[in-house]
Structures are given as structure tokens and as C-alpha cells.
Amino acid sequence: MSETPSSSYSVNHPNSSESEQSLSPRHFNVTEPVVAKRICFYKSGDPQFNGIKMVVNSRSYKTFDALLDSLSKRVPLPFGVRNISTPRGRHSITNLEDLEDGKSYICSHQRKMKPINLEQASKKPLPWQISRPVSARRRAVQLARQNEDGFGHRESRITTPKKMLVFKNGDVRLRRTIVLGKKNTQTFEAFLDYMSELMQYPVAKLYTTDGRKVPNLQALILCSGAVVAAGREPFKPSNYESLEYLRPAKLLGIGNRVYPKANAKSESEKSKKWNVSVLTSDVPSAGTSSKVYIALYGDRGSSGPIFLDGEKGKLFQRGNEDIFTVNTRNIGHLYKIRIGHTNAGNSPAWHCKEVQLLNLFSGEQFSFPAHRWLAKDQADGEISVELPVFQQGQPILPVTVYKVHVTTGDLWNAGTEADVYISVYGERGDTGSRQLLRSHKSRKFLKGQTDIFAVEAVHLGCLYKIVIGHNGLGSGNGWFLDKVVIKDPITDLDYTFLCHRWLDQGQDDGKISRELPVTNWAAEKWKFRKGITLQFYNRVTHGFICLYPDSRVDALGDKKNKYGLFDVNVKRRNICIFSSHQMPSLALALVSGHVTGKVGNACCELRVHLQANSRAILESASYPGHTVAFNLQGKIADEATGYAGLSREFVVHVKGVFLHGAIILLNTSPCQALSLRPDGSCSGAGQQQQESYWKVHKISSGLCMFESVKKPRMYLKIKDDQCDGTGTGDEYCHFKIEKNLETGSVSLESVRNKGIYVGLLPDGQTKPVVNTGERNIFFYPQVIKFGREKPMGTSAAPKQEKKDFRASQIQPAKAQEPAPQRPSTPPPSKEMRNPHGGESPLPSDDEWKVSILTGNAGTEASVALWIYGDRGLTGPITLGKDNRRQLFFPRQEDEFQVKINSIGNIYKIRIELDGLPNEQPEWNLQRVILQHLRSKKTLNFPANIWLSKNRDDRELLCELPVVEAGKPVYPIVLYRVYVHTGDLEQADTDCEVYLCIYGKRGDSGLRLLHKTGAPVPFQRGMVSDFAVEAVSLGKLQKVLLRCEASTQSQHWYCDKVIVREAGSNSEYVFNCERWLPFMSQGIIHSEIELYPQGNIYCHFMEVKTIIKGDWKITVVTGDFETAGTTATVFLYAYGENKASGPIILGSGKQQLFNPNSEDTFKINLRDLGQLYKIRIGHDNSGNDPSWYLEEVRLERVVPVSAEEICLPIESWLSEDKDEGDTWREVAIRNPAEELLPLLVYEIHVYTGAKLGAETDSNVYINLIGTRGDAGKRKLHRSKNNNVKFRHGQMDIFCIKAVSLGVLEKVLISHDGAGPDEYQDDGKTERELTANSKYFVKENLL
């Protein structure tokens, strides 16, 4: 794809004579010397260039090179004048004697030139047309407008000079001031050419500063203040108005709109072509034997590494210039390049002098001076360098040296001798893969050691992730990486990336590279969710940021100042707008480096940088480097404020953390929290999981109780010199919340024992302590779920006493009697009166009354209610939590008033006992009624069930459907759940496991999977079955599995979950195959969502009903001891009409596919048409997946067929036996046609020669032809190479398949299991269409 013209430009000798417009035959031997020659020089390919007339003689130009240098200054060519030729380009001029008096010649910067028409070029154009070639499209527009002018139409002319400011599209820093006058406004096209010369890039369109297109001179004259000059790209919004220029007036006849996105897309998605000129320095040993690559970065992405290839041994030699032509996708405005080499060959060291780029699309030129060695044994040891674009002699982005602190873990054998590489990613691109070569320590990556490396790069802006790994070479290549800290010297920010995992092929998950997100933002981002209200406290001024109605801002407010509250509106990642809670239209803004209040626009977008101390810096998203800052007196910082007098870090406080019903974490470190242990003790070293969740019960302002979410009715308490979680909700559980403004933490002081706080011992154990100023009493709250100002779902009864809310009660004697008919306009009932005795206002549309009738057995537990509608759900709603002993008495009806937001038509509810006491083991629920208070619409939910935890067939929750006309709208279904525990060492667990089933009609709720009398229900290699009763969920979509393991020994390996619906023959298989809990990106997750795998299957012996299209399939396994398999077996069937699959037949773990066995299944192949082939195989899972398959037999069940199709296989399906394939295809004979042959397809896979093109991942391919496909096959064994998919290598593979007809395309992919970084667009699968006899694709997977 690259052209490599030679850097020495040779003469092209003529083969024919010139035309009439060319010179007459040239005389190379001039007998009569000419004293002076009058010559006219034109520009190659530019008929609008009016020529340079020069007098050439021996006194003015001693040599031909002197003439070329002079012309280079006068003829605008990308790399100067390098070649002079006759007008049609047939003869090259190489010396002064070849020039003839009175003739014209063409100047070019390369050997190949573009001829021009001298008749057109000799006509003198306007001055601003000199340096800008006219495209065919623009020329057609000019001619059309000339024709219009011939019929009397003339564009508006300006009569009075007018001053105007012109911005470059998307770059407010590049601007020019012009004066509109008669000279430069002859025509609109001429004005665009004039602007092209002035702005130094081709101007094709003009816009107003708010994005409206300026189509003609009349609109331009009507504009006031400023316009934006653009090329072919669409309008780019920017802060054109923040520089305090006037907003343009509305154009005549133009709506106020932004340029259409459709046009923007069509213009922006074109590829670009570049000329790349690379100069090697003229110093000893400057040339290189290595392969050189270049990467271009723009504001729309990067080109990726492009290798500059050519004739081997002649490129990048000392003193040479090498020119290439490369194609890239549209990367937008170029801002940096990276050039480097692969350090290959005998002499890889290279001294790069300069890189020059020419955008052949826009004509823009860029020069990147380097003047440095790229060698591992020279200078800083780097073999690549990043160079920024220069404007007006200054780089548009600074070059910085990042300090990378790499900490190896303090474990035995944690160090490594392998080569370590890192790639740093920020909002302005990445550094590429860099080897961490030179540490400040003599030996790198030792156990418990921190190594510091320097990485030079163009400034990346805000960093958000790194990819770090090693090459796996060396005797001790396994590595335990603790963390990486990158220090940015420009912004003075530290970015922390936590790992704390092995990078070792024999440890953990076997990966030797990891992608790590920045940690600070991940840990604190919960504070910056949409709708949260914040306060920003300044530790220097001891005040909060306040935004006043007059847009004035200071940092002197107290915590109760209403102007110090800000609502979060997230724009993207860590960029937010902080609107005033008091005045939502006003937001914090940075204008010209000063903080103020503005109506929300781009200057209000602030990037949040969280420091290692959890303080935040607020930086302008539009103007990097401008931050919200105050002086020491709390006033806005100005230019006179020195760096030492600036205060720009703020402690972020969240409002509403301790509202009633909130669920929170009391964090003690970035990854630990206060947790309740099974024995009732508390520890500050718990994981940030459910055992550490606390529910807030607000008693009064600043006083709260904390109830364990996992163990209801167990409260945090301080009593008898003990601090634990065994409280019962009495006054020993009451705590005063003391907020520490300086750190963002809180302390919990006992109300009963004044001056005593919840404290932590060095081992994390809780203990009552006195505040001595130490940090062992500080907790950092994190909200999991926000609470409410007033508890939702409390009784609708009026307030009877100061602290007592009571539900209205129906007398037992009247419980079974029908309710009397009420008048049409009843007086306000007792339940609807307000606490002051007056009548309440009319109920709103979202207010409902909930009536619960208890049967013969009541309960003291609180009740949680979920309500499901066809547009959403509401819940959990806690009923009666504040007053347990007065609710849910036997034969009593309790009423509550709740708010139900718009969830559509209600079709079911779920009721759960929350915190059931031991002395009240069960509850008899008779019915539930929902009544809409405004419309009086009533929904009935008959129950008559027992909720119990002591009986095998009873649960603590139930689901009830709406009953209409005596029938439920949806039936109650019993789902049978089969949980398969893996057959791995220590795979079993005795901790609690929960399951939630999701379908098209909602979910079942989180259910505890338990068995009475089975202390270890999940045993290694066993299948545990459970029953989940729920209102019909429709087609199942996923399940959520949660394992609450508090120690490593309790971790559980789940193989899969199978769900069967009673009364149905189908089952849903949800593969898991992983440990729970598991760690991802440094965070421990105790739950996982699983999705159904493929279609559903039915074992034939279990099926009693048959339908049209049913087939019986018999699978025969070999009769020797090792023939069976532990893998999951799949089947695909192909018919003349369509194909069906994957059909999951089952797994060896289900006691299927054992040696010398026949397994029979029923499958439905309706509408497939005449079968012509099947494909059977397995997923290679389990301890012993190899399988010897004897034969497959098929027999049609409906309609009944006496003929049985017998398909012999008689081969291994194994990666390590026979052909190494786990799939087999077999053709089925069709009486009307010949049997399709079984073919061997030979596949040649060519790995590219680009940097990083190789892969260690598992690669898969699917061949697709006119007769179906071959299925997704693993390319397992290369016939010609021991190691597959290496750099620049071709591998040969063979796949057996029934004839596919004419091949049309292939799907090729990999699983990402190797240490590869994402390239190109990040996809791991490509569809390649057939091109003659081979498939062509250059993109990386």
C-alpha cells in the first residue's frame, strides 16, 4: 500500500517530441551563449498559478541547485522545487544550459509531475488564487455562477469596509482579523480562495459561531462579529463565544440550526492519503536495518502503526530522504505522530533527523523535527519517539516525561526476569507499547520493590487506563504486580492503577497481560452519579464553594448555606456539570481561567480529577490546565495569585447519605469496610460486599441506627465495653453521626455512652474507644441505595401518639363479613386524615391503599412488598417496619398507603417476610388488595398460603398474580433449578447461594437456594436441585447467581445452572464455569449474570407429548473404557430450507455419553425441509473431553417413518487425537440426488507484517458457501509451523466438511485469550468476502 520513490531524482530521457504547446526540440549543445534568459516557471498541476517570471544568467545563479533553492521560496510546493520539466512533463531539466530564452517550464517537488494547459495558466488570475488548485467540482460551480451572472444576477457587494474575526474550525486559538472590502468580496468563491491563503489551509465553507452555514456574500455581509472557516469537514462546536466576541445576527432566510449530521457523517468517513517524507541524519552509523513504522493521531482517532516498506537495504540510510504514500482512515485534525522501529537486523540503531507530512486531501503540510537517536544503547534507550504538530513555531501539545512507578508484590517468587511492556491511554490517544527498560534500581521487578521508569510522550490529557504485561521469557517469568502509579508533571496529578494479581501462565487465570483502569475515579465515582447533590469543602479556606444568584462564587460558605449545594449532571466519563441546587439554570463555570456562574454550556463542563487523598480537582473540559481555584482568603484566584497562594483541592461531601432506609457501606480503606461476621462480631477488614451493607434507621436529626442487611434484626451497638452487631434496636444501638469536614469521613458516637466511639484495633476488630485524634474512628460512607426523607409504605393511619404510627384495625368478629356499601361521596375516612386532625387533600394519581389480611397465624416481622406492572416495578416497600408489635395480628386486616409510580398495568406482587424472629416461625397470609385512591380501582390477590422457614415446602416469600373474574391473569409456575457444582478441588461450598430468574415478564426475585437437613448442599461434582415458585415469567432470558463467601475456602466453582419449567419439556442451560466470588478489574464480585446457551433440548425418555417435526436421535459412544466425554455435546442439522442449531444434547456430567452407551433424544426439526447433513461436536470442556463417537441414528417421529437414517462416525472428537478436531460433519443421502462428498478444505492463513500482528489467542474460522457453512472451527494444528500465527508467517490448516458448494465468505475470529492489545476498531471477529481464489483482509483482529 506504500509507494517508495527513490530519494535521488534521476533524469527521464525523452522518447518523443513535444506537442505544439511544448518546446521545440531541445538543443543540448548551445553554440552561441545567451547573456540572459527570460523564463516563466509554473506550478505542477495548478493552472490557476499565474507563473513566476525570472531572468536567469550566470551571475545570478552559479549552479542549477541555486536556481532550485530560489524557486522553492517562490513556488509553494510541499517539499520545495526538486524537478523542472517541459510543460507536458516529457523532458526533465538538469542544468542551466538546458533552459531556453522565452520558454515556460513546470516546477514539481517530485519526479512525477502533472502537466498543465499553458493557455489557461497564462491568464492572470486573482492574487489569492495563486496557491490553491481549483477542484473540478468547484470549477463547475464557478462556471454555473458565471452563467447566472450572464443573465443579470449579481452577488451583493459591500460598500463600506467591515472588520470581522475568522476562526479556524474547531481551533479557537487560530484566528485572523480581516476587513471586508470591494477587493476581497468580488465573488463568494473568490473570498473563499482569499481566506484559504490567509488561513494557510483550504477553506471550502463558512459558518456562524453557532453552527449555521453562510452560503453566499449576502449572508456574510449580514454576519456580525465572527465567522468560522472550515474545509470539507463539518462544523465543530467550540467556545468561539467564550472569547467575548459578538454572537452573529440571524441570517436572512436561514433557520437557527446546526449543520445536519448526515452530511457530517458522509464527509468525515472518507479515507485520507498522505505523503510521508523521512530524513535520516548525516552522522556516522545513522542508518538502520530495522523496519520503521509511523502512527498518526488526530482528534477522531489514530491510524495505528503503518510500516514504511520498500526495497530492502536501501531505505533509511545515512543522509537519505525516503518518501512514501500512505492511506489512513479519517483521523480528523492531526496533533501528533509516533515514529519508531522494531529493533531488528544487524544494526537497528537509527538517527532520525526530520519527518514531513503532506495531506493530499487538504494540502496541509506538517514538519516534525526529531534530531535524535532511536536505539536501545543510545540516549534514553527508546526506539520510538512522539512528535507534536507545531503551529506558529510552538507545539500545540506539550511533550512530557511521565514517571511510571511499578510496584512488585511482596509475595515469594513475585519478581520477574521477563521484559515488561506498558501502554498508557488518555483522552488524547496512547503511548503505544513501550518497554520498561531503565529503572533507577540496579535490578528490576524484585519482590516488594518499586521501580521508577521514564516514558516520554506527547501529553495524553486525563489518563484512564493502562495495559501492562510481559513477554513470558526468562527463567522466572511469572510476575505478581501490586500496582502502577503514573505521575504527570504537567498537571501535577497522580494516577493509580491497582492490580494485585499474577501475570503468570501457571497462576491465576494464566494471563501475562492485564488492562487496568485508573483506580481513584473508579473508587469514588459513586459520588458523581446523575441527580446526586454535592458540597465542595476547601481545607484551606475552611469553607464550602457557594454560587450566588449574581453569578459570584467564593469558598467561604458554611455547610448549611443553601447556595453551596450542587446537583450532578454527568456528560461523559468524569466530565460533569454542577448546577446550583437552589437555581438549577445556573452552574459552576470556568471562563478565561476564572470561576463564575453561567447558564449551562460548554464552559460549565468540568473534568473531575480525584487525588490519592480522595480530594477532587475541577478542571475545565474545554481549556485543559484551567482549574477551579481560590486564594487563601476564599476569593477567586487571579493572575496576581502565586502558586503557593492557590487552593484548588476540595473534599467532596454527598448530601442525604444517612436518610431513612438508605443502604450504605462504612468503608475503612479503599477496599475494606465495616462488616458483620457470622458470630455477631464486627470487623473493619471486611470486603465491600453484602455482609458489609448496613441499613440506616433515622431516629432524629443526626441520630441513626445501623441494621445489617444480610442479617436482619441485628444492629450495630456499644454495650458493656463491647462493640458488635448483636443489638436489638434499643438505645444501645443509637449513634450520633459526627461529620469530619476535613477528610470526608464520619465518626459514630454512642448516644447511651457519651464520648465513646466505634473504633478499630490494629487487627480490624471493633472496640469502644475514646476520641484521641487518631484515624481509627474514621469511616468513609458510600451509598449503595439512597433512602427517603419520610419512610415509604408506613401505615396510612393518623398519628395517634408522638412516636407511634398505628394501622387501622378491623375487629376479628367482622373480618369474615362483607364490607358495607359505601356512599358515592363518603366523608374522609380515619385513614385519610392528616396528623393535625384536618382532612387531607385529594389523593394524587400515584397513591394506592394496600390491605393485607392475616389468617390464623400472625407475625411480628416486617413485610416487604414488590409490585410489578407491564412498564416496570416498584419495591421493595417496607410495610410496618416502625411498629412491628401492632401489625399482622391473627385474623386482622392492616391497611397502608403507598406511592406507586407509573409502572403500567399491574399484574403481580411479591411479598417477603423481612427479619422473621425465631419465636414467630410462620405467617398465614389470606389475601392482599390494592386500591387506587383516586379512581377506586381494586386489584385482588387471593393467597391463603403459609410463609415459613421451618418447613421444606415453604418459603419466606411468595408471588401472587392479579385475579380477574375468578382467574389469574398469569399462572403460578414451578421452576425446577439444577445447579451443577464443578468437579475441581475445593469446588464445593457451605455458604449461602442465591438465584434470581429473569423472563419476558419480570423476575422471580432473589431466592435463597437451600435444603433442609443438607449442611453442604453444593458438593464437588454433584447436582443440587431446587424449586422456585413464581408467577409465569414467559420465555426465560437470564439468571443472576450470587455466592456470599466470606473466606477463600468458601469460594465455589459453579459449572452451570439448568432451569426447567414444570409442565413443559424444554429446559434452559446457563453455563457458568467459573469461581464465585471472582475478581474483575481489581474489584471482587459476588454475583454474575448468566445467559441461555443456544437452543433448548429434551431427553427423549422424559417426553410424553410429540408434535410435528419431531425426530428421535440416538448417539452411540464407543465401547472401550476411555471413549466417554465430560464435555457438552452439540448438534446442527441442515435442510434444504434452513438450518437448525446449536441444539444442546447434554453433557457427560449429566451421566450422558458414557462408554458403550446409547443416548436417545427428541429434537424438533420442523420446516427444515429435506435433511442433507448434520454436524456434531463438543465444547472440549471438563477434565476428560476426548470422545470416541461410534455412530448417530436419526428417525422421524412425526410423521412416522419406518426408515432409520444411520450415520457412521467411528472417529475421535478430540484436540489431542487423530486430526485434532472436535467436530464431524456427515452427509445424509437424498433419494433424488447424489450424496454430497466430504471434502478437505486447505486453509492458508497469512499473519501480517505489522508490529504486533501475531497472536497467542485461539483462532476460529467458519467457511460459508452456497450450501451452508462448516461451523465455527478452531484452527488447532498448523501443518507447516510448530508455533502458529507469528509475525509475517503463513500457516496451513485442514478442515473436513460436507461440500459447501461455491465459497462466498468466511468468518474469522479469536477469543482474546492471548496477551494481545486491541488494535484498529477493537473487533475480534471479521467477515471476509471471497475475492477470486483467495480472501483478502488487512485489518487486525
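Annotation: side chain of Leu606 is not in contact with side chain of Ile577 (no heavy-atom distance under 4.5 Å). Side-chain contact between Ile877 and Val850 is absent, with no heavy atoms from C-beta onward closer than 4.5 Å. Side-chain contact between Ile909 and Leu930 is present, with heavy atoms from C-beta onward closer than 4.5 Å. Put simply, the side chain of Ile867 does not reach to within 4.5 Å of the side chain of Trp848, judged on heavy atoms. Residues Leu534 and Phe528 have side chains in contact (heavy-atom distance under 4.5 Å, counting atoms from C-beta outward). Val651 is not listed as a side-chain neighbour of Leu741, based on a closest heavy-atom distance of 4.5 Å or more. In this structure, Arg910 and Tyr868 have side chains that are in contact, with non-hydrogen atoms separated by less than 4.5 Å. Taking 4.5 Å as the limit, some side-chain heavy atom of Ser708 sits within range of a side-chain heavy atom of Trp694.
From Arg552, atom CZ reaches atom CG of Leu547 across 10.0 Å, with rounding to the nearest 0.5 Å. Atoms CZ and OG, on Phe779 and Ser745 in that order, are 10.0 Å from each other to the nearest 0.5 Å. A distance of 12.5 Å separates OH in Tyr537 from CD1 in Ile545, rounded to the nearest 0.5 Å. In this structure, the separation between OG on Ser692 and CG on Leu666 is 9.0 Å, given to the nearest 0.5 Å. We find the OG1-CZ distance between Thr878 and Phe896 to be 11.0 Å, quoted to the nearest 0.5 Å. Separation of atoms CD1 (Ile903) and OG1 (Thr874) is listed at 4.5 Å; rounding is to 0.5 Å.
Here the closest non-hydrogen pair linking Gly461 and Asp488 is O-OD2, 4.3 Å. Residue Ala616 comes nearest to Val608 through the heavy atom pair CB-CG1, 4.2 Å, listed as atom of the first residue, atom of the second, then distance. Closest approach of Tyr693 to Ile784, counting heavy atoms only: CE2-CG1, 3.9 Å. Between Gly564 and Gln535, the closest heavy-atom pair is O-CG, 3.4 Å. What you find for Cys704 and Val696 is that their closest heavy atoms are SG-CG1, 3.9 Å. Across all non-hydrogen atoms, the minimal contact from Ser620 to Leu590 is N-CD1, 3.6 Å.
Counting non-hydrogen atoms of other residues, nucleotides and ligands closer than 6.0 Å to NZ of Lys527 gives a total above 12. Counting heavy-atom neighbours within 6.0 Å of Lys736 NZ, excluding the residue itself, gives a total of 12 or less.
Counting only distance, with no hydrogens or angles, the side chain of Thr596 and the backbone of Ser551 share a donor-acceptor pair below 3.5 Å. A donor-acceptor pair under 3.5 Å is formed between the side chain of Thr766 and the backbone N or O of Cys682. Here the side chain of Glu691 pairs no donor or acceptor atom with the backbone of Leu676 at under 3.5 angstrom. When atom types are taken as modelled, the side chain of Thr627 and the backbone of Ala629 share no donor-acceptor pair closer than 3.5 angstrom.
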### Chi angles and distances behind the side-chain contact (heavy atoms from CB on, under 4.5 Å) call for Val746, Asn740
CA-CA 6 Å; Val746 298; Asn740 190 320; over 6 Å; no

### Residue pair Leu748, Phe706: steps toward the side-chain contact (heavy atoms from CB on, under 4.5 Å) verdict
CA-CA 10 Å; Leu748 307 180; Phe706 301 94; 4.0 Å; yes

### Message
Does Leu703 form a side-chain contact (heavy atoms from CB on, under 4.5 Å) with Lys698? I'd like the steps, not just the answer.
### Response
CA-CA 6 Å; Leu703 295 181; Lys698 191 171 183 180; over 6 Å; no

### Residue pair Tyr757, Asn776: steps toward the side-chain hydrogen bond (donor to acceptor under 3.5 Å, both in side chains) verdict
CA-CA 10 Å; Tyr757 294 81; Asn776 65 332; over 6 Å; no

### Task
Give the C-alpha distance, both sets of side-chain angles, the deciding distance and a yes or no for side-chain contact (heavy atoms from CB on, under 4.5 Å) between His626 and His594.
CA-CA 8 Å; His626 291 186; His594 300 295; over 6 Å; no

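The aromatic rings of Phe536 and Phe578 sit perpendicular, their planes meeting at an angle over 60°, well past the 30° parallel limit.
Side-chain contact check for Glu1089 and Tyr998: no donor-acceptor pair (N or O, by modelled atom type) lies under 3.5 Å.
Residues satisfying the side-chain contact (heavy atoms from CB on, under 4.5 Å) test with Met705, not counting sequence neighbours, are His697, Ile699, Tyr715, Cys733, His734.
Ion pairing between Lys695 and Glu707 fails under the 4.0 Å rule for side-chain N and carboxylate O.
Among Leu556, Val540, Val553, the one residue that satisfies the side-chain contact (heavy atoms from CB on, under 4.5 Å) test with Phe630 is Val553.
Within the structure, the side-chain hydrogen bond (donor to acceptor under 3.5 Å, both in side chains) test picks out the following pairs touching residues 554-567 (sequence neighbours left out): Thr533-Asp567, Tyr548-Asp554, Asp567-His581.
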